[in-house]
Amino acid sequence: GAVVSQHPSWVICKSGTSVKIECRSLDFQATTMFWYRQFPKQSLMLMATSNEGSKATYEQGVEKDKFLINHASLTLSTLTVTSAHPEDSSFYICSAPYLVRDEQYFGPGTRLTVT
Amino acid sequence: AQSVTQLDSHVSVSEGTPVLLRCNYSSSYSPSLFWYVQHPNKGLQLLLKYTSAATLVKGINGFEAEFKKSETSFHLTKPSAHMSDAAEYFCVVSDVGNTDKLIFGTGTRLQVFP
């Protein structure tokens, strides 16, 4: 069945470095994917909409130069956290709409820790 | 703007007793509403959704929710809790202009005691 995967599931990086997170739709294509951020014991906040073949759409307050999104193909979107700082430590989740069932499928998330 | 408010951050029940997780919505239009569940280390899973059809929506794992326009509510219920129901539950509304864009409530953590 339709599944969304994320890689890596967790990553630790040093302050100032960049980290790339992949989101893949398995067995279905997604022209749009969504990236969320979830702080501990809090809700999911939409960061941006990833659009295949065009620029991502960022939510208000999200730095587009810090959170680079590339929708490289109909099954892959990447989120790169550039020059990461400890305050970027969070749980990042992606989703993709599965049009056959009119439903969003979520990835299992990536836990980023910046030291 | 669309929004949802989950009235309880934590709910604790005993196994076998009913579950009620409360959600109120705010919307200028007829909304699409969802309940998602998040188990530790697993992706969010859709429990059920309301899209202006029947007001009583049945979902997976015995959960159901009733859309009440007069009360702007979409409470999630289950007649008998199971230990495996312990998780974080999110009430969600879709954006008006883009129904793929989801707006999450703050979540309710459900604890189930034996």
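Note that the structure is predicted; figures quoted are calculated from it, not measured.
B:F34 does not touch chain A: none of its heavy atoms, backbone or side chain, sits under 4.5 Å away. For chain B, the nearby part of A:Q42 is the backbone; its heavy atoms alone come within less than 4.5 Å.
Cluster annotation: B:M83 and B:I60 are assigned to the same hydrophobic cluster (Ile/Leu/Val/Met/Phe/Trp/Tyr, side-chain heavy-atom contacts under 4.5 Å, transitive). Both B:L33 and B:V19 are members of a single hydrophobic cluster when ILVMFWY side chains are connected at heavy-atom separations under 4.5 Å. Hydrophobic clustering keeps B:L56 apart from B:Y50 (ILVMFWY residues linked when any side-chain heavy atoms are closer than 4.5 Å, directly or through intermediates). Clustering ILVMFWY residues whenever any of their side-chain heavy atoms sit less than 4.5 angstrom apart, transitively, puts B:V112 in the very cluster that holds B:W35.
Counting only heavy atoms from C-beta outward, the side chains of A:Y36 and B:L44 never approach each other to under 4.5 Å.
No more than 12 heavy-atom neighbours from other residues, nucleotides or ligands sit within 6.0 angstrom of NZ on B:K69. Around NE2 of A:H7, the count of heavy atoms belonging to other residues, nucleotides or ligands within 6.0 Å does not exceed 12.
Between the NZ atom in B:K101 and the OG1 atom in A:T32 there is a gap of 12.0 Å [rounded to 0.5 Å]. Remark: A:Q104 CD to B:Y36 OH distance equals 5.5 Å, nearest 0.5 Å. In this structure, B:Q38 CD and A:I93 CD1 are separated by 5.0 Å, a value rounded to the nearest 0.5 Å.
The backbone N or O of B:G105 lies less than 3.5 Å from a partner atom in the side chain of A:S43, making a donor-acceptor pair.
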task = Walk me through it: do B:F90 and A:L44 pass the test side chain to side chain contact (heavy atoms under 4.5 Å, CB included)?
result = CA-CA 9 Å; B:F90 293 97; A:L44 279 74; 4.0 Å; yes

